[in-house]
Amino acid sequence: SAFSAPEGRLLVSADYAQIELVILAHLSRDPNLCAAFNEGKDVHRETASLIFGVAPDAVSADQRRTAKTINFGVMYGMSAFRLGNQLGIPRGKAQAFIDSYFATYSHIREFIRATIEKAEQTGYVETIMGRKRPIPAINSKNKTEKAGAERIAVNTPIQGSAADVVKKAMIAVDKALKERIPGAKLLLQVHDELIFECPSEKSVLDATLALIREKMEGAVKLSVPLRVSIEAGKNWGAFH
C-alpha cells in the first residue's frame, strides 16, 4: 500500500492468468489442458475433475488445491515425496495422484520426456523465441546432478517462454501508450504482472485498460489464448 499514485492519477495492474500453464499447454499440445484454456474453464478445477473422476461442479476445495499443487509442481519436477509433504498425505497417495495426472495429461509426460532427450543430445534447451540455455550437467553420471539438470531442462522452456511473452508485451504496450495515450505509462514489471500509471478520468482510464488488454493478450500467438486480469486503484495494495 506504500506504492500510491499521485493526485488525479491511478495505478493499473495487468496480470497474465496462469501464464506458465498456458505455455505448458502450448508446448505440450495436450488436448485436455488445451481444451480447458480454449473453453475458458478453471484449469485447476478441470484437472481435479479428471484426476478424481468427479463432475467439475462437485470438486471440493481440497481436491482443487491438490490439483493446483500438481499442475504447478509438474513443471518443477516435483517428486511424490515433496508433493506428499506439501499436501500432508502419504507418499504412496501422492504418487498415485501424479500417476493419475500423467494419465490425464499424457502429452505433458511426452513433452517432458522429449525435452529431456533433446537436451541430452544438444546440451541445451530453448524458449519459444529461440533463446538458448546450456545445461552442461544434463549428461552427468552423478544422479543428483542429472536429476537437477532434468528439472532445469523441463522448466526453462516454460518459465523462459513466459518471460519472452511478458517482455514482448512490455515493448508493445509501452509503444502503444506513447503513441495513443501519452498520459499513461508503464512503471514496473513483477514476474507476470505489469504496473501502469494513468490519469483517473474515466474515458482515459477505459481507453488505457482496453489498450493494455489488447496488446498483452495479443503479444504472442499461441495455440491457446493468453488472458489478462486488469485492476485499477489508488495504490498497489488494493489489487488482487
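Predicted model, so just to flag it, every value in this text is computed and none were measured.
- Between Arg180 and Glu214 there is a salt bridge, with a side-chain nitrogen of the basic residue lying less than 4.0 Å from a carboxylate oxygen of the acidic one.
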TODO: May I have the step-by-step check of side chain to side chain contact (heavy atoms under 4.5 Å, CB included) for Arg133 and Ile152, ending in yes or no?
DONE: CA-CA 9 Å; Arg133 178 176 182 175; Ile152 291 169; 3.5 Å; yes
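- Between Phe111 and His26, the gap from one ring centroid to the other reaches at least 6.0 Å.
- Among residues two or more places apart in sequence or in another chain, the ring pair (Phe, Tyr, Trp, His ring centres under 6.0 Å) test is passed with Phe81 by none.
- Few gaps surround NZ on Lys146; more than 12 heavy atoms of other groups in view lie less than 6.0 Å from it.
- Residues Phe37 and Glu46 are not in side-chain contact: their nearest non-hydrogen atoms beyond the backbone lie 4.5 Å or more apart.
- Of all non-hydrogen atoms in Ser13 and Ile195, the two that sit nearest each other are CB-CD1, 3.9 Å.
- Two residues are said to be in side-chain contact when any heavy atoms from C-beta on lie closer than 4.5 Å; His191 and Gln159 fail this criterion.
- Using a 4.5 Å heavy-atom threshold, the side chains of Tyr16 and Val228 count as touching.
- When all heavy atoms are compared, the tightest approach of Val22 to Pro225 is CG1-O, 4.0 Å.
- At distances below 3.5 Å, at least one donor-acceptor pair connects side-chain atoms of Arg131 with backbone N or O atoms of Gly160.
- For Arg91, the CZ atom is loosely surrounded, since the number of other residues' heavy atoms within 6.0 Å does not exceed 12.
- Val173 and Leu187 are members of different hydrophobic clusters when ILVMFWY side chains are connected at heavy-atom separations under 4.5 Å.
- Linking ILVMFWY residues whenever their side-chain heavy atoms come closer than 4.5 Å, directly or via other members, leaves Tyr124 and Leu27 in distinct clusters.
- In this structure, Asp15 and Glu231 have side chains that are not in contact, with every pair of non-hydrogen atoms separated by 4.5 Å or more.
- Residues Phe3 and Leu188 are members of one and the same hydrophobic cluster, defined by side-chain heavy-atom contacts under 4.5 angstrom among Ile, Leu, Val, Met, Phe, Trp and Tyr.
- The side-chain heavy atoms of Met129 and Lys168, taken from C-beta on, include a pair separated by under 4.5 Å.
- Summarising the geometry of Arg29 relative to His107, their closest heavy-atom pair is O-CD2, 3.7 Å, with the distance given to 0.1 Å.
- Atom CD of residue Glu197 and atom CG of residue Leu177 lie 12.0 Å apart, to the nearest 0.5 angstrom.
- The distance from atom CD of Glu126 to atom OG1 of Thr115, rounded to the nearest 0.5 Å, is 10.5 Å.
- Aromatic rings from Tyr101 and Phe97 are positioned such that their centres are separated by 6.0 Å or more.
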Open item on the list: Run Val220 and Asp164 through side chain to side chain contact (heavy atoms under 4.5 Å, CB included) and show every step you take.
Closed with: CA-CA 9 Å; Val220 176; Asp164 287 347; over 6 Å; no
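- Environment of NZ in Lys234: crowded, with over 12 heavy atoms of neighbouring residues, nucleotides or ligands closer than 6.0 Å.
- Between Met78 and Ile98, the closest heavy-atom pair is O-CD1, 4.0 Å.
- No path of Ile, Leu, Val, Met, Phe, Trp and Tyr side chains, each step under 4.5 Å between heavy atoms, connects Phe196 with Phe239, placing them in separate hydrophobic clusters.
- Counting only heavy atoms from C-beta outward, the side chains of Tyr105 and Val74 never approach each other to under 4.5 Å.
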